[in-house]
Protein chains: 2
Amino acid sequence: MREDRVASPTLEDVARAAGVSRATVSRVINGIRNVDPSIQEVVRRAIAEVGYVPNRAARQLVTGKTGSIALIVSGAGQFFARVFTDPFFGRVVEGISGHLRPLGVHLVLMLAEAADARAQVVDYVRQGHVDGAILVTTHADDPLPAMLAESGTPVVLFARPDQPIPISYVDLAHGAGARMAADHLVARGCERVATISGPLDVLASMERLSGFREAMARHGHAYVPSVAGNFTKESGEAAMTRLLADHPQIDGLFVANDLMAQGALEVAAARGLRIPRDLRVVGFDDSTAALACRPPLTTIRHPVEDMSAEMSRLLLAQIEDPSRRPKSVIFEPELVVRESA
Amino acid sequence: MREDRVASPTLEDVARAAGVSRATVSRVINGIRNVDPSIQEVVRRAIAEVGYVPNRAARQLVTGKTGSIALIVSGAGQFFARVFTDPFFGRVVEGISGHLRPLGVHLVLMLAEAADARAQVVDYVRQGHVDGAILVTTHADDPLPAMLAESGTPVVLFARPDQPIPISYVDLAHGAGARMAADHLVARGCERVATISGPLDVLASMERLSGFREAMARHGHAYVPSVAGNFTKESGEAAMTRLLADHPQIDGLFVANDLMAQGALEVAAARGLRIPRDLRVVGFDDSTAALACRPPLTTIRHPVEDMSAEMSRLLLAQIEDPSRRPKSVIFEPELVVRESA
DNA sequence: TTGAAAGCGCTAACAG
DNA sequence: CTGTTAGCGCTTTCAA
């Protein structure tokens, strides 16, 4: 009863049990028409009987397809603690698997936190474990996108790469989002506005910062103090502490992501600042952290799930037709008004 | 120059380029002795020249091995937000990949948050994508451990399964840890002690709770009020709020994990309670959350990384010898004294 | 020490 | 509609 474990049953076994040829069994398994319904029934029964499961390696060897794709998260320094602490990555996984699962495509997550891990991941992909990869990188000068693109595997990126490489990606109109934050703060009557930005070597951070500055300038605010964080809550606290030390009078604040905003709000609360009366705060992302804030955070919606679903769509298309030219899809942000501003 | 992408080079190509047979190339690739050093050199050069990468499917078809294992995280309800918010999972991944990477074994992470996802994961494993699986499940009545065990794949669990199934696992002596917390609180002079537990249908939670109660009873404290949370920070806040409403006089608190302790501390601070003067708090896990607490949290060390490394060790052994009997390894907790108690 | 050859389990023409 | 057959790329006896 358990010996089938020793050598799992093959097509051959099913064929014998059903009294047909391997080809016929293969046909019913792959849902190809042109098979007599009664025989289909017999085969199906035989499959169940012997407990047959197709051998992926054999199948891949002839079809060249694995039926699975990798989501690679690449970064450095405090990597694991970062990934498993920021709601962003969960949204990405959710968006991708929501799109892939109904299609029967397997999603595997791989984490590359250092040079050797990166090499191993590239290895994995090049060996043909997956049909393609979706890549999310958290640091600017990551060599992985180029390595992967060069390997010839279909790849799609989250966010435009720093270096111009021929690769498909999905991104957000960060500048437009920052502008919405600026307009909102000004409309609410803020006079002394500052911002906590993300790491300045990350494109998205730069775009949010410059977008915000430009919009504020257009409203006549020539000077907008800013402090950079690294997108963690702790860095938001540190940045806020510094900001308040240098500019105790601010009445409006734009923070480049919700997690940092959460940290900033806690510091503000500890300082006795009432939100939004004394200080209005706008975050960015509309992640679960925005709702966890006290008070709930007014923020800019970053449709991460939709963008991630789009990544898988692009990837699947590229797998189907490898000659496809790289394509980019840019999403539009939205202002979400809650209580903090 | 780019056309090698169309059909990637095979052993045959390398053999031709090196002027030897496929078998010889295969030998040098697999590091088999009995190959003339000069030929080895020639072959290695040829490999680099044609940019050869072994085809995993073909290799697996004959060896039966994939060289990769899966880490499956299974759960439900708010699953993604939970996994990517709790430092615990990062520690698991870190422990496993730290052990596996030097061995050249690939680690892929798979998330199973609902019934269809579970089925897909089992599918993936049974199809032979991986040589074995490490399973972490966050809810009590998860059918996945049994499904996997039954499939015949080598599997190792984090934490003892609720149902007795023949499967290897690694666990912590939770009761012993809870006892340490109790002893410490009592030694610090606490008189009115309460606890915030984890979900009561999770074995580890129960063991921590009953271990704590027993130890307190041994110290003469017959009654220990408790409120259950679900291991998230938010649930810690809610539990603390409830606890303080019913028992405003408590001067000692044991919380079943650091994340909930963090939430509890925030509520305590908002109530004006001084820690540890008015209230001493001991957490559990010694995760990054413990250091993020104000003040830094006294807690019980849960050696998650070591335990995870041990899981991969067990799994590899089981893969090597599938007839191996299931084995369990229990780790001992340690008290880590910081400022909160 | 090296090469020839037999498959691993499956799919996909190609006949029938 | 079904069976036969030729490989997919690799490892591994078995000879040489």
Side-chain angles (χ1 to χ4, degrees), chain A residues 4-44 46-47 50-68 104 123 126-131 152, chain B residues 4-44 46-47 50-68 123 126-129 131 152:
Chain A
D4 50 88
R5 201 188 271 181
V6 176
S8 51
T10 72
L11 259 197
E12 189 69 50
D13 299 320
V14 179
R16 200 176 319 115
V20 298
S21 72
R22 293 210 313 269
T24 300
V25 179
S26 176
R27 287 190 188 102
V28 348
I29 286 173
N30 294 291
I32 292 175
R33 294 172 306 274
N34 300 345
V35 177
D36 188 294
S38 67
I39 292 203
Q40 284 198 32
E41 192 43 40
V42 174
V43 170
R44 243 180 274 286
I47 289 176
V50 308
Y52 173 75
V53 179
N55 178 315
R56 203 203 86 308
R59 178 180 283 175
Q60 185 191 337
L61 192 52
V62 28
T63 63
K65 296 252 155 294
T66 68
S68 41
D123 204 48
R126 298 209 8 160
Q127 282 182 19
H129 279 91
V130 292
D131 299 330
Chain B
D4 49 89
R5 201 187 272 185
V6 176
S8 53
T10 73
L11 259 197
E12 188 69 52
D13 299 320
V14 179
R16 200 177 318 115
V20 298
S21 73
R22 294 209 313 267
T24 299
V25 179
S26 176
R27 289 192 187 98
V28 350
I29 286 172
N30 294 292
I32 293 176
R33 295 172 306 274
N34 300 346
V35 178
D36 189 294
S38 67
I39 293 204
Q40 283 197 32
E41 191 42 41
V42 174
V43 170
R44 245 181 271 286
I47 288 175
V50 307
Y52 172 74
V53 178
N55 178 316
R56 207 205 62 356
R59 178 179 282 176
Q60 186 192 339
L61 192 53
V62 29
T63 63
K65 296 252 157 293
T66 68
S68 42
D123 205 49
R126 298 209 7 158
Q127 281 181 22
H129 279 91
D131 299 330

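Basis for what follows: all heavy atoms, side chains included, without hydrogens, waters or symmetry-related copies. Quick note on labels: first sequence line is chain A, next is B, and so on, each numbered from 1. Note that the structure is predicted; figures quoted are calculated from it, not measured.
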K.L.:
Return the value, rounded to whole Å, for the distance between atom CZ of Arg16(A) and atom P of dG9(C).
P.N.:
12 Å
K.L.:
Mind checking what makes salt bridge (charged side-chain N to carboxylate O under 4.0 Å, His left out) contact with Arg44(A), not counting sequence neighbours?
P.N.:
none
K.L.:
So how far is it from Arg27(A) CZ to Gln40(A) CD, rounded to the nearest 0.5 Å?
P.N.:
11.5 Å
K.L.:
Please list each protein N or O that sits under 3.5 Å from an N or O in nucleotides 13-16 of chain C, with the distance.
P.N.:
from	atom 1	to	atom 2	distance (Å)
dA13(C)	N6	Arg27(A)	NH2	3.4

K.L.:
How many Å lie between OH on Tyr52(A) and C1' on dG9(C), as a whole number?
P.N.:
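After rounding, the reported distance stands at 7 Å.
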K.L.:
In Å, rounded to the nearest 0.5 Å, how long is the span from CZ of Arg16(A) to OG1 of Thr10(A)?
P.N.:
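Going from CZ on Arg16(A) over to OG1 on Thr10(A), the span is 7.0 Å.
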K.L.:
Using the C1' atoms of five pairs at each end, what's the angle between the two axes of the helix from dT1(C)-dA16(D) to dG16(C)-dC1(D), to 10 degrees?
P.N.:
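Axis-to-axis angle, ends of the helix: 40°.
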K.L.:
Which residues in residues 34-44 of chain B have at least one heavy atom lying under 4.0 Å from any atom of DNA chain D?
P.N.:
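Heavy-atom contacts with DNA chain D come from no residue of residues 34-44 of chain B; none.
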K.L.:
Please name all residues satisfying side chain to side chain contact (heavy atoms under 4.5 Å, CB included) with Ser26(A), sequence neighbours left out, ordered by chain then number.
P.N.:
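By the side chain to side chain contact (heavy atoms under 4.5 Å, CB included) rule, Ser26(A) matches Leu11(A), Asn30(A).
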K.L.:
Tell me: CG of Asn30(A) to P of dA12(C), nearest whole Å?
P.N.:
7 Å
K.L.:
Indicate whether OP1 or OP2 belonging to dG3(C) is found under 4.0 Å from a side-chain N or O atom of Ser21(B).
P.N.:
yes
K.L.:
Looking at residues at least two apart in the chain, or sitting in another chain, which of them share a side-chain hydrogen bond (donor to acceptor under 3.5 Å, both in side chains) with Ser21(B)?
P.N.:
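Applying side-chain hydrogen bond (donor to acceptor under 3.5 Å, both in side chains) to Ser21(B) gives Thr24(B).
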K.L.:
Rounded to the nearest 0.5 Å, what's the gap from NE2 on His129(A) to CD on Gln60(B)? Could you check?
P.N.:
7.5 Å
K.L.:
Rounded to whole angstrom units, what separation is found between the CZ atom of Arg59(A) and the P atom of dC10(C)?
P.N.:
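Computing the Arg59(A):CZ to dC10(C):P distance gives 8 Å.
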K.L.:
Please identify each residue that fulfils side-chain hydrogen bond (donor to acceptor under 3.5 Å, both in side chains) with Asn55(A), with sequence neighbours left out.
P.N.:
none
K.L.:
Taking atom C1' of dC10(C) as reference, at what distance in whole Å does atom CD1 of Ile29(A) sit?
P.N.:
9 Å
K.L.:
Taking only residues two or more places apart in sequence, or in another chain, which ones meet Ala18(A) in a side chain to side chain contact (heavy atoms under 4.5 Å, CB included)?
P.N.:
Val20(A), Val42(A), Val43(A), Ala46(A)
K.L.:
Distance under 4.0 Å to a non-hydrogen atom of chain B counts as contact; along DNA chain D, which nucleotides mark the start and end?
P.N.:
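Contact boundaries, 5' end first: dG9(D) to dT13(D).
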K.L.:
At their closest point, which heavy atom of Leu61(A) faces which heavy atom of Ala57(B), and how far apart are they?
P.N.:
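Of all heavy-atom pairs spanning Leu61(A) and Ala57(B), the closest is N-CB, 4.2 Å.
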K.L.:
Which is true for Thr24(A) with a 4.0 Å heavy-atom rule: it touches a base, it touches only sugar-phosphate, or it touches nothing?
P.N.:
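It contacts sugar-phosphate atoms only.
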K.L.:
Among residues at least two apart in sequence or on other chains, which ones pass salt bridge (charged side-chain N to carboxylate O under 4.0 Å, His left out) with Arg22(A)?
P.N.:
Glu12(A)
K.L.:
List the steps and the verdict of side chain to side chain contact (heavy atoms under 4.5 Å, CB included) for Ile29(A) and Arg59(A).
P.N.:
CA-CA 12 Å; Ile29(A) 286 173; Arg59(A) 178 180 283 175; 3.6 Å; yes
K.L.:
Tell me every residue that passes side-chain hydrogen bond (donor to acceptor under 3.5 Å, both in side chains) with Thr66(B), counting only those two or more places apart in sequence or in another chain.
P.N.:
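Ser68(B), Asp131(B).
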